[in-house]
Amino acid sequence: MIPLDSLNIKQREAVETTKGPVLVNAGPGSGKTRVITYRIANLLTNCGINPYNIVALTFTNKASREMSSRISNLTTDLRNSLTISTFHHFCSRILRYNATSINLDSNFSIIDDSDRLSIIKNVMTELKIDPKITPPRVILSAISNAKSLLLNTDGFKANASDNFKSMVYECYQLYEKQLHLSQVVDLDDLLLKVFFMLKSNNSILKTYQNRFEHLMIDEFQDTNIAQYEIAKLLSNQHRNICVVGDPDQSIYSWRNADIRNILDFKKYYSDAKIISLSENYRSSQTILTAAQSIISSNKNRIHKDLWTQNSKGHPVCLTETFNEREEATTILNEVQRLVSEEKMKLSDIAIMYRVNALSRVLEEVCIQNGIPYILVGSIKFYQRQEIKDLLAYLKLIANPKDDTSLIRIINTPSRKIGKKTISDLSSIANVLNLTIFDTLKQIVEEKIPPELQKRLNRGSLEKIKGFYKLLKQLLDIPENTAISEIITRIIEKTQYEEYLKHHFDHFEERLENITEFKNIAWDFSKNNEENSLILFLERISLVNDTDNIDETSSEYLTLITLHQAKGLEYPIVFIIGMEEGMIPHIKSMDSDAEMEEERRLCYVGFTRAKQKLYLSRTFRRGYRGGYERNIPSRFLNDLPKELTFVASEISEPTEYEDDWVNQEYQSPPSKYSSPKNTKTRFNQSSKSIRYDINKDVNPKENKISIGDHITHATFGKGLVTHVRKLGNDYEITIAFTDNKGIKKFLLSMAPITKD
DNA sequence: CAACCTTGCTTTTTT
DNA sequence: AGCAAGGTTG
Ligand SMILES: Nc1ncnc2c1ncn2[C@@H]1O[C@H](COP(=O)(O)OP(=O)(O)OP(=O)(O)O)[C@@H](O)[C@H]1O
């Protein structure tokens, strides 16, 4: 039996109402995810439901992993055959299994955003739409929006009321045609196609309806229409659907998430049991009050009670630093202090930020200080040129119809097949209504009409035949060959390494990336019984991160975006970049709705913290080449002063910034470093772990006390008026001569010498 | 067709 | 700022 006495009455009600629709609408830390995990454990162990009949859907990969591990902690009952995954993964599996029923090759590959964009660009060229006037991205997002509203081309046509929409419609049609020809799908298709498949094929629908007796959705506020409709279809037979969510934590509206789903749920399932939870078990009173002071300014919301029995705890710590490097140093010093002095574990701590770009400096400083860290998601490892090239070869092996991948590598490495030849080839393929690969095949087998063949001169023809032969060789690699071995063969056959060496300055780093890629492939084969290229590719399309480290067994610091942090919790949370333009982000500033979402995002961040929350801002931040002055985020103004304390105050920015820029640091920034969250990196970091408090400050040599006369490299002579311990460092206040004023510095950083 | 030079863009957030 | 696509020249 799973004991349910560690749940409060309301939670228990939600867990034990195993029949019929249930909606839990409750604030952060009130135990919504706990309800789902206990509910599953209860169904398995107490009700004897077969795990095969249970499905729990989440929104992000991180959340789904979190849920699996929480359930493992509760019960060991047959949880292997439980279905816990993201909507996209879930749909991908259904689609692959039933692909043939909708005339789709079950080896279909999933294209990424940049592939989508290049298809759109081609389509636009074909339709003679000027990409300068209508950016392809706009078309792409219109199509993507349509798909998440379950509008296929026909549905879209019915709605295409104005000029713009009819233009989009034309693009949409051709785009779909190309996808179908290539036997590929995009991410939105995973949902859309599954929906229409279930809708139109009653026997498939029945199969899944029968199977999924119990359906649960976490973070329901972030589902889009397509996801919700799929969930409705699947649960319509047993009607055991339990959704949990919090409108105040809706932060994915830009991805077409729609909180109206919550309202509709109440309407559609008029018999739904609606449960609200109002006790927060996660955060200290201070953190909770701070968070509420942020969210309560939103006009477009319904107030929810949220209280906690937890103690008041620590005040919210505000740090203000001069620039992003000092910010990183200060925070990581504090992290090390927490570990060495307050017995915190690195895994208790997370540093969060609005934009991925902010992780860069943190990483550098972590590496310098030997702090093991894990960077969640982000880094565009799979978007690097060399990796995309290899992926294109792999995709082509899995699915030769994939034109986009073929075009990508037809002349990479250079085979003297240029633009002209490629466009001729495409036009022939177009006329014959064949994929490029099939066209090549016809050409080689000399089956195409001579008047078409004429378009290619003899030189090109030879080169094309050479390329086709190469492809054939790759396709002949036996299916059971390990993926890493396939990659090795590709590299051999195409002489890819020689190509890199010849063409790029950073080729060593690119070669390292390739080695890393092979390692990832090798790990994958090791952990997956069936050595399936298709599954490998699918994983790469749907899971953004490369790590498969056991998350609980190792000690490292977490670096994560606010978005990905949703649903997670950490004893200690740092949020950096609390500046206007960052949070709230500049791009959200001219829309009230988006501004409210920024506020919610901030609220989500605050409420991740259990014990201690640190907020950090800088006076200046190097961003996109510029070096901008920042003003504090408006959200900081909303915090009641009595809840906060300011940890460090640096003097107003002055000329001394140059000293900052010249501070020596290791590891020059390079895009071409190895992937950020792999074992390699992890091992490197943990090997050099060293928690030396006095690393930066050597008190013996730098001993500076009140009354000392010093000389500062920029400001000249001055008198020390204050010395205060600050983390592992000291903050010293100096009164300078010659009316240069009073300024504060960090001892470890300031270029000063004792007179 | 490839090498070289110039322009233009980084989505904010993720499946 | 730095990279990659796009345009131009050899
Ligand atoms: N009844 C309870 N007794 C003790 N601890 C609880 C109880 N309910 C929840 N908790 C704890 O509170 C924390 C937050 O729970 P949970 O993550 O389920 O909240 P949530 O509502 O899903 O939060 P969020 O909306 O932020 O995702 C967890 O550490 C959980 O173990």
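All of these numbers come straight from a predicted model, not from anything done at the bench. Here is how names work: the chains are called A, B, and so on, in the same order as the sequence lines, proteins then strands, and each is numbered from 1. Because only heavy atoms are used, hydrogens play no part in the values below, and waters and symmetry mates are left out as well, while side chains stay in.
A straight line from OH of A:Y382 to C1' of B:dT14 spans 16 Å, rounded to a whole angstrom. Whole-Å rounding puts the A:Y353 OH to B:dT13 P distance at 10 Å. A:H563 has its NE2 atom 15 Å from the P atom of B:dT11, to the nearest Å. In this structure, A:D113 atom CG and B:dT13 atom P are separated by 13 Å, rounded to whole Å. Between A:R255 atom CZ and B:dT11 atom C1' the separation is 15 Å, expressed in whole Å. Atom CG in A:D389 sits about 10 Å away from atom P in C:dA5, given to the nearest Å. Between the CD1 atom of A:I410 and the C1' atom of B:dC1 there is a distance of 14 Å, rounded to whole Å. Rounded to whole angstrom, the span from the CG atom of A:D222 across to the C1' atom of B:dT13 amounts to 11 Å.
Look at A:Q564 and you won't find any side-chain N or O under 4.0 angstrom from OP1 or OP2 of B:dT13. A sub-4.0 Å separation between OP1 or OP2 of B:dT15 and a side-chain N or O of A:S541 is absent. When the side-chain nitrogen and oxygen atoms of A:S414 are compared with OP1 and OP2 of B:dA2, one or more of them lie within a distance under 4.0 Å. Residue A:N61 places at least one side-chain N or O under 4.0 Å from the OP1 or OP2 atom of B:dT15. OP1 or OP2 of B:dA2 lies within a sub-4.0 Å distance of a side-chain N or O belonging to A:N411.
Partner A:P136 forms a side-chain contact (heavy atoms from CB on, under 4.5 Å) with one of A:N122, A:I120, A:I119 and no other, that one being A:I120.
For A:W254, the side-chain atoms get nearest to B:dT13 when compared with the rest of B:dT15, B:dT13, B:dT10. Closest contact between the side chain of A:T421 and the listed nucleotides B:dT11, B:dT14, B:dC1 involves B:dC1. Nearest to the side chain of A:Q385, among B:dT14, B:dT11, C:dA5, sits C:dA5. Closest to the side chain of A:K416, out of B:dT13, B:dA2, B:dT15, is B:dA2. With distances taken from any side-chain atom of A:K587 to the nucleotides C:dG6, B:dC1, B:dT11, the minimum falls on B:dT11. Of all nucleotides listed (B:dT14, B:dC1, B:dT10), B:dT14 comes nearest to the side chain of A:Y252.
Within the nucleic acid shown, A:Q227 has no heavy atom closer than 4.0 Å to any nucleic acid atom. Backbone-only contact: A:I417 has heavy atoms under 4.0 Å from sugar-phosphate atoms and none from a base.
Taking a centre distance below 5.5 Å and an interplanar angle below 30 degrees as the stacking criterion, A:F59 does not stack against the six-membered base ring of B:dT15.
Between C:dA5 and B:dT11, the two P atoms lie 13 Å apart (nearest whole Å).
A:Y208 and A:F212 have parallel rings, their planes meeting at less than 30° on a 0 to 90° scale where 60° marks the start of perpendicular. Using a 30° and 60° split on the angle between ring planes, A:F619 and A:F322 fall in the tilted class, from 30° to 60°.
When each of A:K463 and A:E597 is assigned the nucleotide of DNA chain B with its nearest heavy atom, A:K463 is the one assigned upstream, toward the 5' end.
Under the 6.0 Å distance and 45° angle rule, A:R255 counts as a cation-pi partner of A:Y252. A:F108 carries A:R96 over the face of its six-membered ring, with the cationic atom under 6.0 Å from the centre and within 45° of the normal.
A donor-acceptor pair is defined here as one N or O able to donate and one able to accept, closer than 3.5 Å; no such pair exists between the side chain of A:N224 and the backbone of A:L149.
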